[in-house]
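One structure is given below, encoded as C-alpha cells.
Convention: sequence-line order gives letters A, B, ...; per-chain numbering from 1. Small disclaimer: the values here were computed from a predicted structure and weren't measured.
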Number of protein chains: 2
Amino acid sequence: MSDLHDHHPYAPSRIRALPSWLLGRAAARGHRLVAEALAAEGMRMMHHAVLSAVAELGPVSQADLGRTLSIDPKDMVAIVNDLQRDGLVTRTPDPKDRRKNAVEISADGERRLRRTQKLGDEANAELTAALTGAEREQLIDLLTRIALPQ
Amino acid sequence: MSDLHDHHPYAPSRIRALPSWLLGRAAARGHRLVAEALAAEGMRMMHHAVLSAVAELGPVSQADLGRTLSIDPKDMVAIVNDLQRDGLVTRTPDPKDRRKNAVEISADGERRLRRTQKLGDEANAELTAALTGAEREQLIDLLTRIALPQ
DNA sequence: GGGTTATCGTTGGGGCGACCAACGAATCCG
DNA sequence: CGGATTCGTTGGTCGCCCCAACGATAACCC
C-alpha cells in the first residue's frame, strides 16, 4: 500500500469540512473539467453560457443576459464581442429601445452550441461520476437552494 | 404561459441546471459570505485557512501547507508573510532540514483563530440556512466525493 | 564519495473570472 | 418638461491559478 513517507496529503482540517471550502474545491474542479472540454471547440465557459442563453431567450439585450447569468456588464461586452467576431451571434440595435442591443444566435452559433453543449454535458458527467443518478439529482436540488440569493 | 412582458429574472436555461454552473454560483456566494464575515477581523479566507491548518498540524513547512490546502507556493509565501507580520505565526528555519521553514501558530494567532473560526462557522450556517441538518450533512458528503481528485 | 536528481522557499510573469465606479446616450416617469 | 433610471461601454482592482526559474539544501544511487 502506501510507503512510510506517504504522509497523506490531508489532515482532516476543520477547514475541509466547511461547506464553503468544499464548494470552492468542487467548483474549481468543475470549472477545470468544463473549461478543458470546451477548449476542444475553442470556447470558454462564459462564452458557452452566454451562447446557450441567447439561443433560449431569442433576441435579448446584453443587460438581460447579464442578469440571468449573473455576469458583469463589463464582461458581457467582451464576451458578446468575441461571439460576434466569430459569427456565432448577431448584435443589432433594438429599434424599440435604441439603448439596447438585440443579441441573437446565428446558424453557425447553433451548430457550435450543439457541439459545446455535448462537451459540457460530458464534462458534468465526469464531474459527478462518483454519484448515483439520484444523488446527482439531490446535489442539484441542494445547490439550487443554496445558490439562489444573488 | 405567463404574459409577454413578464420576463422572469431567469429562463430555466440549460446552463443553470448543470452541476458545474450551480457549483460556481454556490461557491461564489459562500466565498462572499465568508469573506465578508472574516473582514470584521481583518482576515481573508486563505489567511484564515492557513492559520487554521497551522494550528492543527503544529510546526509545518510551507510546502506541506500548500499541499494540504491546494494553495500555490507563490501565494503561500505572501500569506505566511502577512501572518508573520501580524504576529499570528512564527517562521523559523527547520534545524532538521534547513530548506524548510517551520511555521507555527503564536498565542496571538490562536486568539485570532478562535474568533475567525466562529465567524467562518456563522457564515457557513447562513450559507446553508435553507437546508435542514440532515441535508447539510448530505451536501457535505456529496461535495466531498466530487471535490476529491486534486 | 561523488554525481545526479529532487525538494524547499522565493521571485517573476501571466491568464482568467468576479467585482466596483464612472460616463454619455437613450428612455421612462411624474 | 425635468429628474431618475437603464443601457452599453471603458477603466481599474482583486483573488485564484498555473508556469518557469533560481540558489540552497537534501535524498538517492552507482
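Side-chain contact check for A:Asp82 versus A:Arg85: some heavy-atom pair is nearer than 4.5 Å. The shortest distance between side-chain heavy atoms of B:Gln84 and B:Val103 does not fall below 4.5 Å. Considering only heavy atoms from C-beta on, B:Pro93 stays 4.5 Å or farther from B:Arg98 through its side chain. Annotation: side chain of A:Arg16 is not in contact with side chain of B:Thr144 (no heavy-atom distance under 4.5 Å).
For the pair A:Gln62 (side chain) and A:Asn101 (backbone), a donor-acceptor distance under 3.5 Å is absent. Looking only at distances, a side-chain donor or acceptor of A:Asp94 sits under 3.5 Å from a matching main-chain atom of A:Lys96.
Taking atom CE of A:Met76 as the reference point, atom P of D:dT10 lies 15 Å away to the nearest angstrom. One atom, CG of A:Asp72, and another, P of D:dC14, lie 16 Å apart when rounded to the nearest Å. Per the geometry, CH2 belonging to A:Trp21 stands 11 Å off C1' belonging to D:dC16, to the nearest Å. B:Lys100 has its NZ atom 10 Å from the C1' atom of D:dA26, to the nearest Å. One atom, CZ of B:Arg32, and another, C1' of D:dC16, lie 18 Å apart when rounded to the nearest Å. Straight-line distance from the CG atom of A:Asp94 to the P atom of D:dT6: 17 Å, rounded to whole Å. Between B:Ile71 atom CD1 and D:dC16 atom P there is a gap of 8 Å when expressed in whole angstrom units. Computed from coordinates, the A:Asp75 CG to D:dT10 P distance equals 13 Å when rounded to whole Å.
Looking at the side chain of A:Arg25, the nearest of the listed nucleotides D:dT25, D:dG8, D:dC17 is D:dC17.
Between B:Asp64 and B:Arg67, at least one side-chain N (NZ, or NE/NH1/NH2) sits under 4.0 Å from a carboxylate O, which counts as a salt bridge. Between B:Arg111 and B:Asp108, at least one side-chain nitrogen of the basic residue sits less than 4.0 Å from a carboxylate oxygen of the acidic one, meeting the salt-bridge criterion. Under a 4.0 Å N-O distance rule, the pair A:Asp86/A:Arg112 does not qualify as a salt bridge.
If you run side-chain contact (heavy atoms from CB on, under 4.5 Å) between A:Met43 and each of A:Leu88, A:Leu113, A:Leu119, only A:Leu88 comes through. Of the candidates B:Leu127, B:Asn124, B:Val34, B:Asn124 is the only one forming a side-chain contact (heavy atoms from CB on, under 4.5 Å) with A:Leu18. With respect to B:Ile105, the side-chain contact (heavy atoms from CB on, under 4.5 Å) criterion is satisfied by exactly one of B:Leu57, B:Val50, B:Val54: B:Val54.
Residue A:His31 places none of its side-chain N or O atoms closer than 4.0 Å to OP1 or OP2 of D:dC17. Applying the 4.0 Å criterion to OP1 and OP2 of D:dC7, one finds that A:Arg67 has a side-chain N or O inside that range.
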Show me the donor-acceptor pairs, under 3.5 Å and distance only, between side chains in residues 71-81 of chain B and residues at least two apart or in other chains.
{"unit_1": "B:Asp72", "atom_1": "OD1", "unit_2": "B:Lys74", "atom_2": "N", "d": "2.8"}
{"unit_1": "B:Asn81", "atom_1": "OD1", "unit_2": "B:Arg91", "atom_2": "NH2", "d": "2.2"}
{"unit_1": "B:Asn81", "atom_1": "ND2", "unit_2": "B:Val77", "atom_2": "O", "d": "3.3"}

Return a table of donor-acceptor pairs under 3.5 angstrom between the side chains of residues 129-140 of chain A and protein atoms on other chains or two or more places apart.
{"unit_1": "A:Thr132", "atom_1": "OG1", "unit_2": "A:Glu135", "atom_2": "N", "d": "3.1"}
{"unit_1": "A:Thr132", "atom_1": "OG1", "unit_2": "A:Glu135", "atom_2": "OE1", "d": "3.4"}
{"unit_1": "A:Glu135", "atom_1": "OE1", "unit_2": "A:Thr132", "atom_2": "N", "d": "2.9"}
{"unit_1": "A:Glu135", "atom_1": "OE1", "unit_2": "B:Arg145", "atom_2": "NH2", "d": "2.8"}
{"unit_1": "A:Glu135", "atom_1": "OE2", "unit_2": "B:Arg145", "atom_2": "NH1", "d": "3.1"}
{"unit_1": "A:Glu135", "atom_1": "OE2", "unit_2": "B:Arg145", "atom_2": "NH2", "d": "3.3"}
{"unit_1": "A:Arg136", "atom_1": "NE", "unit_2": "A:Thr128", "atom_2": "OG1", "d": "3.1"}
{"unit_1": "A:Gln138", "atom_1": "OE1", "unit_2": "B:Gln138", "atom_2": "NE2", "d": "3.4"}
{"unit_1": "A:Gln138", "atom_1": "NE2", "unit_2": "B:Gln138", "atom_2": "OE1", "d": "3.3"}

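Heavy-atom nearest nucleotides on DNA chain D were determined for A:Pro73 and for A:Ala28, and the one closer to the 5' end corresponds to A:Pro73.
Each end of the helix from C:dG1-D:dC30 to C:dG30-D:dC1 gets its own axis, taken as the rotation carrying the C1' atoms of four end pairs onto the next four within a five-pair window, and the two axes meet at 30° to the nearest 10 degrees.
For DNA chain D, the neighbouring residues in residues 38-51 of chain B, judged by any heavy atom under 4.0 Å, are B:Arg44, B:Met46.
Once you apply a 4.0 Å limit to the heavy atoms of chain B, the touched nucleotides of DNA chain C run 5' to 3' over C:dA6 to C:dG13.
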Might you list the N or O atoms of the protein lying below 3.5 Å from N or O atoms in nucleotides 2-5 of chain D, with each pair's distance?
none

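Judged by distance alone with a 3.5 Å cut-off, a donor-acceptor contact links the side chain of A:Lys74 to the base of D:dG11.
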